[in-house]
Amino acid sequence: MSAEALVEETPVWLEINSSPAVTWMCTPDQLEELVVGWMRGEGYLEKLDDLIKLRPCATELGFWAEVAEERVKSVNANERKQVLASGCGAVPMYLAEPASVKPISRSVAPPEVETLRRLFKNIFQRGERYRDTGGIHAAALTDGTEILYHAEDIGRHNAVDKVIGASFLDERNIEALGMLVTGRISAELAYKAARSGLAYIATPSVPSTLAADIAKRAGMSLVGRAVSGSPQLHLARTGDNPV
C-alpha cells in the first residue's frame, strides 16, 4: 500500500477595517491574491486604490485590511449577514437583489473545442498538487490562446479568488478574458466572474442552474463538459459562435 496522499488545509482569517469579515479553509499559498480576489468579488474593491493597506499577521495565518470607507459603506448598504465562510458570500446578495448582476462590457466567444482541450491540459500539467493528490481544484484566466494566471486550492471558490486577485494586483483589465475551472460552475463562481467582467467560464464539469441564471443576466457564456467530445454552450450573447 502506498503512502497517504494528503491535501494541506488550514484556516486563514481576514478583518476589514477592524471588523471580522471571513475565515477561509484553504490551501496556504497565494494568500494575498486570495484576500484581494475575495474582496474584489464581494464589492469591497473596485480599483486598487480602494485597498489602503493590507497587513499579514506575524503569528498566524490572517490579514488586516484597510479599505476605503465608502466601499465598506456600499457593501454594508445591502444589509448582508456577516460572512462566515468563503463559499457563501455573494450569493445571498444576488438572491436578495438579482439586479446587482450587471451586464458585462464585452462579449467574446469561448475558444474552439481543441483550444479548450489544450488549455485544460496545460492547467493539469501545471497542477503539482493535483498530480500528487488528485484532491485539489484549479482555476485559470485565459485570453483564449494561453494561460495568463493559474492557482490551485482545496476550495474551488478560493482558486477563483486567487486568479482574480493576482490580476487585480497587476492592475490588469480582465474584461473579455475567460476563466477555466476544474470543478463545477456554482452560483458563487459565476457571480465572481460576472462582477469582474469576464466573458465566459469553461469547465470539464457542469454549471448549476443558479449559475446559468447569473450568466444570463450578465450576458456571460458558460461552457460545460469542455474537454468532452461535445461541449455544452449553455449561454452566450446573440452573435457568439458556438463551441
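No salt bridge links Asp213 with Lys216; every basic N to acidic carboxylate O contact stays at or beyond 4.0 Å. Using a 4.0 Å cut-off between charged side-chain N and carboxylate O, Glu114 and Arg117 make a salt bridge. The pair Glu146-Arg118 does not count as a salt bridge, with every side-chain nitrogen at least 4.0 angstrom from each carboxylate oxygen.
The CG atom of Asn76 lies 8.0 Å from the OG atom of Ser19; values are rounded to the nearest 0.5 Å. To the nearest 0.5 Å, atoms CD1 (Ile164) and CD1 (Ile174) are separated by 5.5 Å. The distance from the OG1 atom of Thr142 to the CG atom of Leu180 is 5.5 Å, given to the nearest 0.5 Å. Separation of atoms CG (Leu148) and CG (Asp143) is listed at 4.5 Å; rounding is to 0.5 Å. Here Glu8 contributes atom CD and Thr27 contributes atom OG1; the two are 7.5 Å apart, rounded to the nearest 0.5 Å. Rounding to the nearest 0.5 Å gives a distance of 13.0 Å between CG of Leu51 and CZ of Arg40.
The heavy-atom pair separating Ile214 from Ala187 by the smallest distance is CD1-O, 3.5 Å. Taking every heavy atom of both residues into account, Pro28 and Thr10 meet most closely at CB-CG2, 3.6 Å. Scanning all heavy atoms of the two residues, the minimum distance from Val223 to Pro231 falls at CG1-CB, 4.1 Å. Between Leu116 and Ala202, the shortest heavy-atom distance links the atoms CD2-CB, 4.0 Å. The nearest pair of heavy atoms linking Val181 to Ala139 is CG1-CB, 4.2 Å.
A side-chain donor-acceptor contact under 3.5 Å links Ser196 to the backbone of Lys192. Remark: the backbone N or O of Gly43 is paired with a side-chain donor or acceptor of Arg71 at under 3.5 angstrom. Proximity of a side-chain donor or acceptor of Lys162 to a complementary backbone N or O of Asp29 within less than 3.5 Å is detected. With Asn17 contributing its side chain and Val67 its backbone, the two residues share a donor-acceptor pair below 3.5 Å. The backbone N or O of Ser205 sits less than 3.5 Å from a side-chain atom of Thr203, completing a donor-acceptor pair. The backbone N or O of Met25 lies less than 3.5 Å from a partner atom in the side chain of Asn158, making a donor-acceptor pair.
Counting non-hydrogen atoms of other residues, nucleotides and ligands closer than 6.0 Å to CD of Glu128 gives a total of 12 or fewer.
Phe120 and Val206 end up in different hydrophobic clusters when Ile, Leu, Val, Met, Phe, Trp and Tyr side chains are linked at under 4.5 Å. Put simply, Tyr200 and Met179 are part of two different groups of oily side chains (I, L, V, M, F, W, Y) that touch within less than 4.5 Å, one to the next. When hydrophobic clusters are built by joining Ile, Leu, Val, Met, Phe, Trp and Tyr residues whose side-chain heavy atoms come closer than 4.5 Å, directly or via intermediates, Ile52 is not grouped with Ile16.
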Exercise for the section: Kindly determine whether Glu32 and Leu54 satisfy side-chain contact (heavy atoms from CB on, under 4.5 Å), including the steps that lead there. Expected result: CA-CA 8 Å; Glu32 183 174 328; Leu54 182 63; 3.7 Å; yes
Exercise for the section: Output, in order, the C-alpha distance, side-chain angles, deciding distance and verdict of side-chain contact (heavy atoms from CB on, under 4.5 Å) for Asp50 and Tyr44. Expected result: CA-CA 8 Å; Asp50 293 332; Tyr44 288 100; over 6 Å; no
Exercise for the section: Evaluate side-chain contact (heavy atoms from CB on, under 4.5 Å) for Arg184 paired with Arg156, printing each intermediate quantity in order. Expected result: CA-CA 9 Å; Arg184 69 183 182 277; Arg156 64 184 185 277; 2.8 Å; yes
Practice task
Starting from the C-alpha separation in whole Å, work towards a yes-or-no answer on side-chain contact (heavy atoms from CB on, under 4.5 Å) for Ile123 and His150.
Solution key: CA-CA 7 Å; Ile123 289 175; His150 171 266; 4.1 Å; yes
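Taking the six-membered ring for Trp and thresholds of 30 and 60 degrees, Trp64 and Trp13 have ring planes more than 60 degrees apart, a perpendicular arrangement.
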